[in-house]
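A, B, ... follow the sequence lines: proteins, then strands. Residue 1 opens every chain.
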Amino acid sequence: SAVISQKPSRDICQRGTSLTIQCQVDSQVTMMFWYRQQPGQSLTLIATANQGSEATYESGFVIDKFPISRPNLTFSTLTVSNMSPEDSSIYLCSVSKGPDTEAFFGQGTRLTVV
Amino acid sequence: AQTVTQSQPEMSVQEAETVTLSCTYDTSESDYYLFWYKQPPSRQMILVIRQEAYKQQNATENRFSVNFQKAAKSFSLKISDSQLGDAAMYFCAYRSIGGSTLGRLYFGRGTQLTVWP
């Protein structure tokens, strides 16, 4: 199993500012992903965080808006840049040790942009 | 791209009764995983059950079982002897195990399950 610490758990931010969300895992994992869950909606994959290289973004998400770092096998950050109210959402980190193993999720960061 | 469809935005069931949640998916891959996740109000995603596509036998986990129809690309979840604690949002998810989408999870829109005492 993997225990994920995601911080902050919630934040209220002014539009135009940036917020960095951290995802810390208690063991090394091969895969780390970032998802967005808008209120009452499903989870949408933002990007795959690649260790030592640039993240792989899904259609509709770009690096300038959602820069991601993954310096090692236990830690990643997602930054939401130049925020607008449309960015208000829950952001979740997910990890797994392989494509055929269970995916674990952090408790999410509830972001409100005012 | 893989898509997952849950056609039931809301379902309800009486305590101790059985309920089935539907899920269909679209893929051109021959091998993959399917999951049902539960998300209570705490937001924590909890794995309920998983199914490997190469296995014909339907997965079961205590009161939870699936009906996996690979040819029809259907993956329904049956909850038997429903309990109040089963009330949550349930997400069906597809996971690639190869190619450019390796390891990524694709989710349906969810089914909100209410359990009545």
Check your understanding: For A:Leu45, is it the side chain, the backbone, both or neither that has a heavy atom under 4.5 Å from a heavy atom of chain B?
Key -> side chain

Point to revise | Part of B:Arg95 lying under 4.5 Å from any heavy atom of chain A | key: side chain

Check your understanding: Any chance NZ of B:Lys78 has more than 12 other-residue heavy atoms, nucleotides or ligands included, within less than 6.0 Å?
Key -> no

Review point. When heavy-atom pairs shorter than 4.5 Å are enumerated against chain A, which of B:Arg104, B:Met45, B:Gln39, B:Met89 gives the highest number?
Key: B:Arg104

Exercise for review: Indicate if A:Val114 and A:Val80 have the same hydrophobic cluster label, given that clusters are the connected sets of ILVMFWY residues with side-chain heavy-atom separations under 4.5 angstrom.
Suggested key: no

Review point. When heavy-atom pairs shorter than 4.5 Å are enumerated against chain A, which of B:Ser42, B:Gly103, B:Gly108 gives the highest number?
Key: B:Gly103

Check your understanding: Ignoring hydrogens and geometry, is there a side-chain-to-backbone donor-acceptor pair from A:Gln37 to B:Arg43 under 3.5 Å?
Key -> no

**Study point:** Connected via hydrophobic side-chain network under 4.5 Å: A:Tyr35 and A:Ile90
**Key:** yes

Which atom pairs, donor and acceptor, lie under 3.5 Å between side-chain atoms of residues 110-117 of chain B and protein residues at least two apart or in another chain?
residue  : atom : partner : partner atom : Å
B:Thr111 : OG1  : B:Gln6  : NE2          : 3.3
B:Thr111 : OG1  : B:Gln8  : O            : 2.6
B:Gln112 : NE2  : B:Ala88 : O            : 3.4

Check your understanding: Are A:Tyr91 and A:Leu43 in one and the same hydrophobic cluster, where Ile, Leu, Val, Met, Phe, Trp and Tyr link if side-chain heavy atoms are under 4.5 Å apart?
Key -> no

Review point. Is it the backbone or the side chain of B:Tyr32 that comes under 4.5 Å from a heavy atom of chain A, or both, or neither?
Key: neither

Practice item. Following the transitive rule for hydrophobic clusters with a side-chain heavy-atom cut-off under 4.5 Å over Ile, Leu, Val, Met, Phe, Trp and Tyr, establish whether A:Phe66 and A:Phe33 coincide in one cluster. Key: no

Exercise for review: Please report the shortest heavy-atom distance between B:Leu105 and A:Phe105, naming the atom on each side.
Suggested key: CD1-CZ, 3.9 Å

Check your understanding: Would you say B:Arg63 has more than 12 foreign heavy atoms packed within less than 6.0 Å of its CZ?
Key -> yes

Study note, to complete from the structure: Output for pair (A:Thr101 OG1, B:Tyr33 OH), nearest 0.5 Å, gives 8.5 Å

Point to revise | Over all atoms of both residues, closest heavy-atom pair of A:Ser42 and B:Phe107 | key: OG-CB, 3.2 Å

Check your understanding: Contact part of A:Phe104 toward chain B, heavy-atom cut-off under 4.5 Å: side chain, backbone, both or neither?
Key -> neither

